[in-house]
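Shown next, in structure tokens, is the structure this report addresses.
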Amino acid sequence: MANAPEAPAAEPRFSELAQRLAAGSVDSLPDGALAEKLALAERERRRMRVKLGIDPTAPDIHLGHAVVLRKLRDFQDAGHRVVLIVGDFTARVGDPSGRSTLRPILSEEEIDANAATFQEQALTILDGSPELLEVRRNSEWLAMEMGALLALARTTTAAQLLERDDFAKRLAAGEPVSMLELLYPLLQGYDSVAVRSDLELGGTDQKFNLLLARDIQRAYGVPEQAVLTMPILAGTDGTRKMSKSLGNQIGVTDAPEEMYGKVLSIPDEAMGSYRELLLRGDEEGEGAETGAGARDAKHALARAIVTWLHSPEDAEAAARHFERVVVQGQLPEEVPEAVVAAVDGAVHLPALIESEFGMSRSDARRMIDQGAVSLDDHTLGRGDYDVPVGRLDGKVLRAGKRRFRRLRVD
RNA sequence: GGCGGGGUUCCCGAGCGGUCAAAGGGGACGCGCUGUAAACGCGUUGGCUCUGCCUUCGCAGGUUCGAAUCCUGCCCCCGCCA
């Protein structure tokens, strides 16, 4: 970095830098704030403090988080410091952003466990060197006294909070909004006061909270943060926000084959945004969006994502696995073994499927009846629930497309 | 505090004394087809020792041969008034 502390910030230079760093974002607010922050940091010869808060309400980081984490990484690569706040305290409150209902309350043990894996998984994307990453837990400052909480509550009015889109909508729809939820934006804002953030990142659904944090910082007499919002990544269904609770997520630590398959299951129309939000744009060509071209484009996308989060070798292997198991309907290279015990010389398949694949026996029976279960090449039919042991040893039981077990008779 | 509306299966939502394990949609799963775990079509979707039995319609009692449906009490949500 150049050092010209006395000279007024060379505006064009910082605007340009800010523009580059904000690439891919939806909003960079207020106008010009990011450039000023960059200039200020350089003038003071320090790194910018770039905040991201994540509530450890679910144990895994998914690609939706990855969009923002990747952007944070850009800031690290530019020499700035990421302050990752693990919301162990706010997880107990539950951010209602973009949700229509109250989150379930998690136990302290669950939160701790989630927080640990979160931190670890974030490092698959972030640079973990101490000067570039600071990890904090917001229970450090949010477990405050009642008096302090009241002071915080005084900073904001009910009208301000009710401006928030999802609160307003729920209210209008006659749905409950708890006081606890109303408090959430204040707590998140206080995080920004506590860590003196220069910039905070978040999804577009965080815009309100990120901006309110500025008001709270002002009320506490600390500099107001700039705000950068990133687009929301759709889940594997292609429409709703990716989230664990909707079951449409792709975890950053998902096994390569799993990750590959999940990417292929997104609707064709979602490919473009996946490419833009997750890859840097220079990885793979555009590819056609329809016909066989779409298939190839999607395979390329899956390969690129697995390469990013695992390795090129894993991506290769995952592609082979997919071709073999899904396209050609063959067995995977490795099939886990299951030891079966016979009763009266026969094995009750619904019971076996229940214990091996964790579904109910009724489900298992339905699958057998629907021709979804096979032993080697023989597809079972309606009512084939009991099979003599003699016919089982060494055979591969397949239930549905993706569940396999090689049977060994005890 | 008063008055009114409401809590149904994974979700939304119909049912309002038997024909209800409960319409319809979503989601999920399965089969077919295919360009992929896309799209489309068809089917399945409480559990089990499965042509029957058991459990479920906020919770607890009650009426009835019989209740998700009626009554009583309680809990929770929403609205209006205060």
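Chain letters run A, B, ... following the sequence lines, proteins first, then strands; residues in each count from 1. Any value given below was found using the heavy atoms of this structure, including those in side chains, with hydrogens, waters and symmetry copies removed.
Remark: side-chain polar atoms of A:His321 are not paired, donor with acceptor, to backbone N or O of A:Glu258 under 3.5 angstrom. Listed for the A:Asp254 side chain is no donor-acceptor partner under 3.5 Å among the backbone atoms of A:Met259. Looking at A:Asp55, its side chain never comes within 3.5 Å of a backbone N or O of A:Asp88 through a donor-acceptor pair. Distance alone, capped at 3.5 Å, places no donor-acceptor pair between the A:Asp386 side chain and the A:Leu349 backbone. At least one donor-acceptor pair closer than 3.5 Å links the side chain of A:Arg70 to the backbone N or O of A:Leu279.
Rounded to a whole angstrom, the distance from the P atom of B:rU19 to that of B:rU69 is 13 Å. Nucleotides B:rG66 and B:rG4 place their P atoms 32 Å apart, quoted to the nearest Å. Between the C1' atoms of B:rG18 and B:rA67, the separation comes to 9 Å (whole Å). Taking atom C1' on both nucleotides, B:rC53 is separated from B:rA21 by 13 Å, rounded to a whole Å. Distance noted for atom C1' between B:rG6 and B:rC57: 14 Å (whole Å). Separating the C1' atom of B:rC31 from that of B:rA23 is a span of 25 Å, rounded to the nearest Å. Across B:rG2 and B:rA68, the matching C1' atoms stand 30 Å from one another, rounded to whole Å. Here the separation of B:rC59 from B:rG13, taken at their C1' atoms, is 23 Å to the nearest Å.
Base pairing of B:rU51: no nucleotide in any strand meets the Watson-Crick or G-U wobble criterion (both distances under 3.5 Å). Of the nucleotides present, B:rC81 is the one that pairs with B:rG1 by Watson-Crick or G-U wobble criteria, both distances under 3.5 Å. Nucleotide B:rA60 is matched to B:rU72 when pairs are restricted to Watson-Crick or G-U wobble geometry with both distances under 3.5 angstrom. The partner of B:rG32 is B:rC40, by the rule that a Watson-Crick or G-U pair needs both atom distances under 3.5 Å. Nucleotide B:rU9 has no partner under the Watson-Crick or G-U criteria, as no pair reaches both atom distances under 3.5 Å. In a base pair of the Watson-Crick type (N1 to N3 plus N6-O4 or O6-N4) or a G-U wobble (N1-O2 and O6-N3), with each distance short of 3.5 Å, B:rA21 is matched with no nucleotide. Under the Watson-Crick or G-U wobble criterion, with both distances below 3.5 Å, B:rU45 is paired with B:rG27. If you check B:rA67 for Watson-Crick or wobble pairing at under 3.5 angstrom, you find it has no partner at all.
For the pair A:Met271 CE and B:rG35 C1', the computed distance is 10 Å after rounding to whole Å. Taking atom CG of residue A:Asn248 and atom P of nucleotide B:rA37, one finds them 19 Å apart after rounding to whole Å. In this structure, A:Met359 places its CE atom 17 Å from P of B:rC10, rounding to the nearest Å. Rounded to whole Å, atom C1' of B:rU49 lies 13 Å from atom OH of A:Tyr385. The distance from atom CZ of A:Arg303 to atom P of B:rU36 is 14 Å, rounded to the nearest whole Å.
In summary, A:Glu134 and A:Arg81 engage in a salt bridge, as defined by a charged side-chain N under 4.0 Å from a carboxylate O. Using a cutoff of 4.0 Å between basic side-chain nitrogens and carboxylate oxygens, A:Arg73 and A:Asp77 are scored as salt-bridged.
Residue contacts for A:Glu257: at a heavy-atom cut-off of 4.0 Å it reaches a base atom on one of the strands shown. Residue A:Lys298 is in base contact, counting any heavy-atom pair closer than 4.0 Å across all strands shown. A:Gly261 comes within contact range of at least one nucleobase, with a heavy-atom separation under 4.0 Å.
Comparing B:rU45, B:rU36, B:rG30 by their closest approach to the side chain of A:Gln370 singles out B:rG30. Side-chain proximity of A:Val326 to the nucleotides B:rA37, B:rU44, B:rG30 is greatest for B:rA37. Of all nucleotides listed (B:rG43, B:rG27, B:rG47), B:rG27 comes nearest to the side chain of A:Arg240. Nearest nucleotide to the side chain of A:Arg403, out of B:rC29, B:rG43, B:rA38: B:rC29. For A:Val327, the listed nucleotide lying nearest its side chain is B:rU36; candidates were B:rU36, B:rC77, B:rU49. When each of B:rG47, B:rC48, B:rC31 is scored by its nearest atom to the side-chain atoms of A:Arg366, the top-ranked nucleotide is B:rG47.
Comparing A:Glu323 and A:Asp363 by the nucleotide of RNA chain B whose heavy atom lies nearest to each, the residue mapping closer to the 5' end is A:Glu323. Remark on RNA chain B: of its neighbouring residues A:Gly371 and A:Leu171, the 5'-side contact belongs to A:Gly371, judged by nearest-heavy-atom nucleotide.
Between the side chain of A:Asp268 and the base of B:rG35 there is at least one donor-acceptor pair of N/O atoms closer than 3.5 Å. For B:rA38, the base has no donor-acceptor partner in the side chain of A:Arg295 [N/O atoms by modelled type, under 3.5 angstrom].
Within a 6.0 Å radius of CD in A:Gln328, more than 12 heavy atoms belonging to other residues, nucleotides or ligands are found.
OP1 or OP2 of B:rC48 lies within a sub-4.0 Å distance of a side-chain N or O belonging to A:Ser360. Between A:Arg398 and the phosphate of B:rC31, there is no side-chain N or O to OP1/OP2 separation shorter than 4.0 Å. Residue A:Ser265 places none of its side-chain N or O atoms closer than 4.0 Å to OP1 or OP2 of B:rA38. Applying the 4.0 Å criterion to OP1 and OP2 of B:rU49, one finds that A:Arg361 has a side-chain N or O inside that range.
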